[in-house]
There are 2 protein chains.
Amino acid sequence: MTTIKDVAQHAKVSPATVSRYINNRGYVGTDTRQRIAKAIEELNYVPNEVARSLFQKKSKLIGLLLPDIANPFFPLLAQGVEDYFHQYGYHVILGNIQENPDKIAAYLKMFQQNFVAGILSAVPLNSDELNKATVIVDRTDCQSTYSISANNQQGAQLIVDAITETSYENIVIIAGPQDVVTANTRFHYVTRALANQGVNYQVLENTSYRFNNALTTADRLFTEFPQVDTVIAANDVQAIAIIQKAHQLKRRVPKDLQIIGYDDIPMSELTIPRLTTIQQPAFAMGWQAADMLYQLINEEELVDKHRLLDVKLITRDTLRK
Amino acid sequence: MTTIKDVAQHAKVSPATVSRYINNRGYVGTDTRQRIAKAIEELNYVPNEVARSLFQKKSKLIGLLLPDIANPFFPLLAQGVEDYFHQYGYHVILGNIQENPDKIAAYLKMFQQNFVAGILSAVPLNSDELNKATVIVDRTDCQSTYSISANNQQGAQLIVDAITETSYENIVIIAGPQDVVTANTRFHYVTRALANQGVNYQVLENTSYRFNNALTTADRLFTEFPQVDTVIAANDVQAIAIIQKAHQLKRRVPKDLQIIGYDDIPMSELTIPRLTTIQQPAFAMGWQAADMLYQLINEEELVDKHRLLDVKLITRDTLRK
DNA sequence: CTGAAAGCGCTAACAA
DNA sequence: TTGTTAGCGCTTTCAG
């Protein structure tokens, strides 16, 4: 391993000068510059990030907390984060929480131990553990910290508008997990908007966003609400599972049963029929959150503590005309 | 930030003793132990991983390279890796290559700069850059390094066996991207097995595993091979796109067109009809690779440089009886 | 414009 | 069983 000392010797200067050169700080003579550049080149020197981090008490690492990486929404978000930070030489430590609260604390501790520059979390965090630059993405209760979210109220309204333009008799809303803020928000606004218009609905509670849960919930839907002709699903995976069950039960979609999803995961374009859904900009959310965090890290002026991203209705083929 | 020195003072011992205590190395008197424990507790001390890494020239970080995190196969693999390492206090730096070769070099350099303990890569790596413990997973050319892969030959055989049990006239094989080793291997063995049995087939080349590519390839399939009645898809996403296109063109699956996929991504259970496919144990591959890397890091005896995981046929509803 | 020196927090000889 | 010392590779005063 070649160190800054080796480079210094090779270039016949002191380590301090090399350091200044590398970090573009302070004066370095033009000829010295060249000697150093040459030495670095020849010795194939790369600065030791760990030593740097130790001194600065700050690394070029970002902690990313995801509820469940197997949920197709989050890889997209992660991609946005990674893409953004890569251009600035920051890198991402991945924490997959998987509904295991112990892991949150473990990761937070580890982030601290490794001097991460900042934390990006799609998992709700208590605000008492915010000794670091932190941006909450997606699952925010909003006020406490910096955050990015998609506009769930708007999404709810879009759903209700889309549904009320159709004919419907028996609406069933699949409520997402209680402990997921976004699911609750959506549920709240959907029910409110529906009530405002005097529309009746029933509710099927769901406890998890996990994949295997989707099919059992789909089963429950048809046994508990045999009359259902309209489903407002908690997310796309859930909606897709219902489409399939409906098909098995010979209910035609959307003729006998219409469905609207949420997320617009890549798969929702490939179902039969293609899923009408609300698009959340997962990649953009990750990107925006990264951008916000980057500004936080560099102590730039932040115009807004919260950014709210628009969602939009993607009209495909699972709603009746 | 409380340091080991603070703890030492508080417990009236030297930093060295505290270090010995923390790392369970060398002798520490019973009463000293307790004083130290108490001090750590009271001061809420957590060891500084960066300082540790600097000294050891080795961190508790693992570099993970993925070709494309949006491809549903890889989040599962990543989950296996993360799950495994979390139990040993190692953590994962995520590198999403996204078909951008420059990123590979950038990440490799960065892994070195951060003293990662080891590298896990689902992206093929030149063996000249192996100054670190490295395990290649999935996309291996095999011989050079340590590796985990699913048995692509077995998968190919399973496909051919399944197909030849059905009735078929016009088989089209969708070849995966040329530069993906596993795709080539499968293609090689499928074509060979087919040829061995004197079965004819045609080939549709595909250049990418990306999502948006799947639909255009599905289009090409039906325009270039209007007679096709059997498709061997390169992966599940591709297969699902074809199922949808077939439906739009009023070709019944599997009656008019039968399809077999590859991967068994979670979605493949939710298609209509449900996709028959070859299951690759994505999570297990990640887990096993992590296990292998862990042994490599700890210089344990490795019985096998390569582990080959079985795949299996998941019979669902897209093949004719 | 450049160098010497000190120190980030930790661990491993080596002495005591 | 414990403490002293030195040093991992880097950066930053502060002198020159």
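Lettering of chains follows the sequences in order, A, B, ..., and the numbering in each one begins at 1.
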S.K.: Quickly work out the Arg25(B) CZ to dC10(C) C1' distance and round it to whole Å.
M.R.: 12 Å
S.K.: Main chain of Val116(A), side chain of Asn114(A): is a donor-acceptor contact present, judged purely on distance under 3.5 Å?
M.R.: no
S.K.: For a quick test of reading the model: is some side-chain N or O of Tyr21(B) closer than 4.0 Å to OP1 or OP2 of dT1(D)?
M.R.: no
S.K.: Out of curiosity, Ile297(B) CD1 to Thr134(B) OG1, how far, rounded to the nearest 0.5 Å?
M.R.: 9.5 Å
S.K.: At 4.0 Å (heavy atoms only), tell me whether Phe115(A) reaches a base, stays on the sugar-phosphate, or touches nothing.
M.R.: nothing
S.K.: Can you tell me if Thr32(A) touches the phosphate of dT2(C), counting only side-chain N or O atoms and a distance under 4.0 Å to OP1 or OP2?
M.R.: yes
S.K.: Tell me the interatomic distance from Asn23(A), atom CG, to dT2(C), atom C1', rounded to whole angstroms.
M.R.: 16 Å
S.K.: For the side chain of Ala16(B), counting heavy atoms from C-beta on, which of dT11(D), dG9(D), dG3(D) is nearest?
M.R.: dG3(D)
S.K.: dG3(D) phosphate, OP1 or OP2: any side-chain N/O from Thr17(B) under 4.0 angstrom?
M.R.: yes
S.K.: Show, in sequence, the C-alpha distance, side-chain angles and deciding distance for Thr185(A) and Thr182(A), and conclude whether the side chain to side chain donor-acceptor pair (under 3.5 Å) test is met.
M.R.: CA-CA 5 Å; Thr185(A) 310; Thr182(A) 49; over 6 Å; no
S.K.: Answer yes or no: is there a side-chain heavy-atom contact under 4.5 Å between Leu296(A) and Leu302(A)?
M.R.: yes
S.K.: Hey, can you pull the residues of residues 47-62 of chain B with a non-hydrogen atom under 4.0 angstrom from DNA chain D?
M.R.: Leu54(B), Phe55(B), Lys57(B)
S.K.: Please give, in whole Å, the distance from dG7(C) P to Lys5(B) NZ?
M.R.: 8 Å
S.K.: Between Ser14(A) and dG3(C), does any side-chain N or O lie under 4.0 Å from OP1 or OP2?
M.R.: yes
S.K.: Both Met1(A) and Arg20(A) contact DNA chain D. Which one's nearest nucleotide lies toward the 5' end?
M.R.: Met1(A)
S.K.: Yes or no on side chain to side chain donor-acceptor pair (under 3.5 Å) for Tyr45(A) and Asp6(A), after CA distance, side-chain angles and deciding distance?
M.R.: CA-CA 9 Å; Tyr45(A) 168 71; Asp6(A) 302 331; over 6 Å; no
S.K.: Looking only at side-chain N and O atoms, does Gln98(B) offer a donor or acceptor that is under 3.5 Å from a partner on Asn96(B)?
M.R.: yes
S.K.: Just checking Glu299(A): does its CD atom have more than 12 heavy atoms from other residues, nucleotides or ligands closer to it than 6.0 angstrom?
M.R.: no
S.K.: Tell me: NZ of Lys12(A) to C1' of dG3(C), nearest whole Å?
M.R.: 16 Å
S.K.: Taking atom C1' of dA12(C) as reference, at what distance in whole Å does atom CG of Asn24(B) sit?
M.R.: 16 Å
S.K.: Using whole Å, what does the distance between atom P of nucleotide dT2(C) and atom CD of Gln34(A) come to?
M.R.: 12 Å
S.K.: Please give, in whole Å, the distance from dC10(D) C1' to Asp6(A) CG?
M.R.: 13 Å
S.K.: Roughly how many Å is it from CD1 in Ile4(B) to P in dT5(D), rounded to a whole number?
M.R.: 17 Å
